[in-house]
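What follows is a set of notes on a single structure, which appears directly below.
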2 protein chains.
Amino acid sequence: MKFNPVLFAKAISDETRQKIMNICCCESLSVNEIVDKLSVSQPTVSHHLAILREADLVTVREEGKQTFYSLNQENVAICCGQLMIKFAPESLTTEKLIKALNA
Amino acid sequence: MKFNPVLFAKAISDETRQKIMNICCCESLSVNEIVDKLSVSQPTVSHHLAILREADLVTVREEGKQTFYSLNQENVAICCGQLMIKFAPESLTTEKLIKALNA
DNA sequence: ATTTCATATTGACGACTTTCTATTTGATAT
DNA sequence: ATATCAAATAGAAAGTCGTCAATATGAAAT
């Protein structure tokens with residue numbers, strides 16, 4: 001799976017999408033559960049989830065009528081790492097990274 | 001300076017902007033030099049540079065008539081680190097990070 | 001003072017995005 | 001078979017974004 005920095009950035013560049021990412025960051029939730037935690041319609045949530053799926057940032061599990069989504073943290077980490085490699089190659093020492101993480 | 005994940009993502013979510021980031025990743029270039037390396041007009045480049053400046057992703061140096069821009073790698077690294085903290089908290093061990101960087 | 005040159009700003013246009021309502025699909029339950 | 005429920009899709013309206021040509025700003029050189 002080749003890293004596409006524009007696709008990744010576009011996927012995370014919307015506020016509603018970032019809220020969804022937060023909501024299902026550490027647990028798997030159905031679409032309706034996500035809708036309940038936001039103030040947008042179900043089709044809007046479905047649309048955003050499709051974009052996150054396209055960018056491979058969520059894990060999808062179908063179960064009966066419901067579909068459960070959870071953030072794919074590993075892939076998020078990989079994408080962030082690739083961004084660093086591409087756009088911060090000289091800031092990539094371990095010490096600097098730790099400093100960056102604490103900043 | 002507070003990290004704004006939507007502002008950061010929006011700033012890097014355009015292809016032309018990412019090209020600009022690459023072009024002045026490791027050297028300081030005038031606007032015209034950047035224009036020469038792209039196939040967009042000077043006002044378009046100015047516009048994109050303003051967005052990158054707004055997100056604090058470039059360092060600006062004025063010198064006579066010219067303005068030199070270079071990517072602020074340190075801030076890019078910080079933003080990527082913050083993204084990881086926010087959206088990949090459980091993938092944040094050093095080993096996993098290294099794995100992510102090598103993926 | 002005037003010209004020249006580099007960059008920023010303005011204003012317009014088309015393309016894309018976000019959102020909604022209405023509808024469809026598809027799976028379980030009756 | 002039919003009804004019910006969850007999620008996806010279609011289509012439209014409103015807003016945002018990327019781009020350009022034209023113009024303004026502002027600094028150096030003549």
Side-chain angles (χ1 to χ4, degrees), chain A residues 4-25 27-72 79 87, chain B residues 4-25 27-72 79 87:
Chain A
N4 180 336
V6 175
L7 182 71
F8 171 63
K10 275 192 198 301
I12 67 169
S13 72
D14 176 79
E15 173 144 36
T16 303
R17 237 138 43 218
Q18 286 200 6
K19 281 182 187 164
I20 291 173
M21 289 170 76
N22 257 312
I23 287 171
C24 63
C25 179
E27 54 179 336
S28 199
L29 294 176
S30 71
V31 176
N32 267 329
E33 286 172 316
I34 296 169
V35 170
D36 287 345
K37 291 176 186 284
L38 292 169
S39 47
V40 291
S41 68
Q42 176 269 312
T44 295
V45 170
S46 267
H47 170 245
H48 286 306
L49 286 169
I51 289 169
L52 293 173
R53 216 181 325 138
E54 196 65 33
D56 208 29
L57 299 181
V58 286
T59 301
V60 187
R61 176 171 49 91
E62 314 222 344
E63 199 166 296
K65 299 191 248 196
Q66 292 173 297
T67 310
F68 291 86
Y69 288 84
S70 68
L71 189 63
N72 187 333
C79 289
F87 296 120
Chain B
N4 180 336
V6 175
L7 182 71
F8 171 64
K10 274 191 198 302
I12 67 169
S13 71
D14 176 79
E15 172 144 36
T16 303
R17 240 143 36 222
Q18 286 200 5
K19 280 183 186 163
I20 291 173
M21 290 170 76
N22 256 313
I23 287 171
C24 63
C25 180
E27 54 179 335
S28 197
L29 294 177
S30 71
V31 176
N32 266 328
E33 286 173 315
I34 295 169
V35 170
D36 287 346
K37 291 176 187 287
L38 292 169
S39 48
V40 290
S41 69
Q42 176 268 313
T44 295
V45 170
S46 266
H47 170 245
H48 286 305
L49 286 169
I51 289 168
L52 293 173
R53 216 179 326 135
E54 196 66 34
D56 208 31
L57 298 182
V58 287
T59 301
V60 187
R61 175 171 49 91
E62 313 223 346
E63 201 168 294
K65 301 190 250 194
Q66 292 171 297
T67 310
F68 291 85
Y69 287 85
S70 69
L71 188 63
N72 187 332
C79 289
F87 297 120

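As the structure is a prediction and not an experimental result, all values here were calculated from the model.
DNA chain C is contacted by both A/K65 and A/H47; A/H47 maps to the nucleotide lying nearer its 5′ end (nearest heavy atom per residue).
At the phosphate of C/dC20, OP1 or OP2 sits under 4.0 Å from a side-chain N or O atom of A/S41. Distances shorter than 4.0 Å separate none of the side-chain N or O atoms of B/T44 from OP1 or OP2 on D/dT19. Contact check, B/R61 against C/dT7: no side-chain N or O comes under 4.0 Å of OP1 or OP2. Contact annotation: B/N32 side-chain N/O to C/dC5 OP1/OP2 distance is not under 4.0 Å. The phosphate of D/dC17 has neither OP1 nor OP2 within less than 4.0 Å of any side-chain N or O from B/H48. Regarding contacts with the backbone of C/dA6, every side-chain N or O of B/Y69 stays at 4.0 angstrom or more from both OP1 and OP2. Contact between the side-chain N/O atoms of A/T16 and the OP1/OP2 oxygens of C/dT19 is found at a separation under 4.0 Å. The side chain of B/R17 contributes no N or O atom lying less than 4.0 Å from OP1 or OP2 of D/dC17.
Distance CD1 (A/I51) to P (C/dT19): 9 Å, rounded to an integer number of Å. Distance, A/D14 CG to C/dT19 C1': 10 Å, rounded to whole Å. Note: CZ (A/R53) to P (D/dT9) measures 7 Å, nearest angstrom. For the pair A/I12 CD1 and C/dT17 C1', the interatomic distance rounds to 17 Å; values are reported in whole Å. Summarising the geometry, the separation between CD on B/E63 and C1' on D/dA29 is reported as 17 Å, rounded to the nearest angstrom. The nearest whole Å value for the distance from the CZ atom in A/F68 to the P atom in D/dA6 is 11 Å. Across the protein-nucleic acid pair, A/E54 atom CD and D/dA8 atom C1' stand 14 Å apart, rounded to whole Å. In this structure, B/E15 places its CD atom 18 Å from P of D/dC17, rounding to the nearest Å.
For B/Q66 (side chain) and B/V31 (main-chain N/O), no donor-acceptor pair under 3.5 Å exists by modelled atom type. Of the possible polar contacts, one joining the A/S13 side chain to the A/K10 backbone as a donor-acceptor pair under 3.5 Å is found.
Between B/L57 and B/A11, the shortest heavy-atom distance links the atoms CD1-CB, 4.0 Å. Scanning all heavy atoms of the two residues, the minimum distance from A/L49 to A/V58 falls at O-CG2, 4.4 Å. B/H48 and B/T16 get closest at one heavy-atom pair: CD2-CG2, 3.6 Å.
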For B/I51 and B/D14, run side-chain contact (heavy atoms from CB on, under 4.5 Å): C-alpha distance rounded to whole Å, both residues' side-chain angles, the deciding distance at 0.1 Å, then the answer. CA-CA 11 Å; B/I51 289 168; B/D14 176 79; over 6 Å; no
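At the heavy-atom level, B/V40 lies under 4.0 Å from the strands shown only through sugar-phosphate atoms. Across all strands, A/T67 comes closer than 4.0 Å only to sugar-phosphate atoms, never to a base (heavy-atom distances).
With D/dA7, D/dC17, C/dT10 as the choices, the nucleotide that has an atom nearest any side-chain atom of B/K10 turns out to be D/dC17.
Not a single donor-acceptor contact under 3.5 angstrom links the side-chain atoms of B/Q66 to the base of D/dA27.
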